[in-house]
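Being a predicted model, the structure only gives us computed values, none of them experimental. Below, chains carry the letters A, B, ... as their sequence lines are ordered, and counting in each starts from 1.
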Number of protein chains: 2
Amino acid sequence: MARANLTRAVVTTAAAELADREGFEAITLSALARHFGVQTASLYSHVRDRSALLDSVHELALGELADRIAVAIGGRARRDALTALADAHRDYARQCPGRWAALQRPAAASTVRSDAAGRLVALTLAMLRGYRLPETELVHATRLLGATINGFLALEVNGSFGHREPSSDVSWQRALSALDTAFRSWPTEENH
Amino acid sequence: MARANLTRAVVTTAAAELADREGFEAITLSALARHFGVQTASLYSHVRDRSALLDSVHELALGELADRIAVAIGGRARRDALTALADAHRDYARQCPGRWAALQRPAAASTVRSDAAGRLVALTLAMLRGYRLPETELVHATRLLGATINGFLALEVNGSFGHREPSSDVSWQRALSALDTAFRSWPTEENH
DNA sequence: CCACCGAACCTAAAGCTATTAGGTTCGCAG
DNA sequence: CTGCGAACCTAATAGCTTTAGGTTCGGTGG
């Protein structure tokens, strides 16, 4: 049997594909070993343990998402940029549900310091700066944005909207409108 | 050894306590069996399988949350009621993190039809009706509300806010303000 | 009073999974 | 062409879920 010549990156990618195909919980060293035609224990040469592998998928997804967002918000501002950023998140969650699920677990310390995380934060801040919020409010706006987008997608992905009428697309539009309004009329520190 | 005289309810409660203490993933038939001084296989008399047990915890949590919300929003309206409902969610997530985590997984079909789920929906709608939205918009408002609350708490619980300054309490206030504004000035179907 | 019946519990076993320890082989640099 | 490191292997431990089938307890009807 020819050697598979695995690397950490190859294993991570395969794990991501497996997750997209069969769900995040399906990421298993056994399944990956089967996929590569290799013994399970061999994977430990490339990956510290299962948890570290999941962290790798997390970071991979973070980078891919940042790439998509960078493309999406280019040349846009305000509501257009907000919509582009949010839709990039939503498209990613739909097209790569397993990778997206990896983003829901707490980020590893190394991931927080990663290039991918930095880019995502920078892009989000760039979008928000179009709304000219007070500098001290940017962090609150970022948190609201992340909460709304991730919260909506989490409910949508796990079927809480139940494929029921009206379509969740309309709800999504309403959510984006609400965010746009919130950012446009953000309260100053005096008036609460 | 005296019999434990288990029931489905007793096992579910123990599972919930275990989850609050050691995390949702720690809900294990083995651990529960140890806790009751019983063989693992014996639990299968009371619970179809692990997945059904997690569904039971989900429904338990749903009922407890509905109880808290009912008390919290009594006699309040508009922003007061919104704040009470949201804070009830947040307090629950903090005091019972394991039970709250159980709510993040997709609801079982039987749970969707449960009394607890019905009460929670009714309470949420009652709160929203204070804002006098068009009837057809209630579902969108409900989705936005759920997305924002759950999304915020998910980020808060898994440490995405990093215990960093400024405190997430302020961000929470901003989020509630944004929701209140959104509900007060909800777009009609004409103006988008 | 007692036989019995169902619920509560048990033992045994199979089949996953992660993880560690230590040994083998391949390919390339010196 | 030697040797070294990376890639891979075998073997073993340990924990989890689930199924199959057997045992015992406590209350209920005869």
Colleague: Using a 4.0 Å heavy-atom cut-off to protein, can you give one letter per nucleotide of nucleotides 13-19 of chain D, 5' to 3': B if the base is in contact, S if only the sugar-phosphate is, - if neither?
Modeller: ---SBBB
Colleague: Salt bridge check: are B:Glu135 and B:Arg129 linked by an N-O gap of less than 4.0 Å?
Modeller: yes
Colleague: So, is B:Ser42 close to the C:dC10 phosphate, meaning a side-chain N or O under 4.0 Å from OP1 or OP2?
Modeller: yes
Colleague: Calculate the interatomic distance between A:Asn5 atom CG and C:dC28 atom P; express it in whole Å.
Modeller: 9 Å
Colleague: Any chance the side chains of A:Arg34 and A:Thr40 put a donor and an acceptor closer than 3.5 Å?
Modeller: no
Colleague: Whole-Å distance between C:dA18 C1' and A:Leu54 CG?
Modeller: 12 Å
Colleague: Roughly, in whole Å, what's the span from CD in A:Gln39 to C1' in C:dT19?
Modeller: 14 Å
Colleague: Determine, for A:Arg143 against B:Glu156, whether the closest basic-nitrogen to carboxylate-oxygen distance falls under 4.0 angstrom.
Modeller: no
Colleague: Indicate yes or no: at least one non-hydrogen side-chain atom of B:Arg68 is less than 4.5 angstrom from one of B:Cys96.
Modeller: yes
Colleague: CZ of A:Arg8 versus P of D:dA6: gap in Å, rounded?
Modeller: 16 Å
Colleague: Given atom CG of A:Leu43 and atom P of C:dA18, what is their separation to the nearest angstrom?
Modeller: 10 Å
Colleague: For A:His140 and B:Ser167, which heavy atoms make the closest approach, and how far apart are they?
Modeller: CE1-O, 4.2 Å
Colleague: Expressed as a whole number of angstroms, how long is the span from B:Glu25:CD to C:dT17:P?
Modeller: 17 Å
Colleague: Looking only at side-chain atoms of B:His46, point me to the closest of C:dC10, D:dC8, C:dA8.
Modeller: C:dA8
Colleague: Within the distance-only criterion (no hydrogens, no angle test), does the side chain of B:Arg105 pair as donor or acceptor with the backbone N or O of A:Asn158 below 3.5 angstrom?
Modeller: no
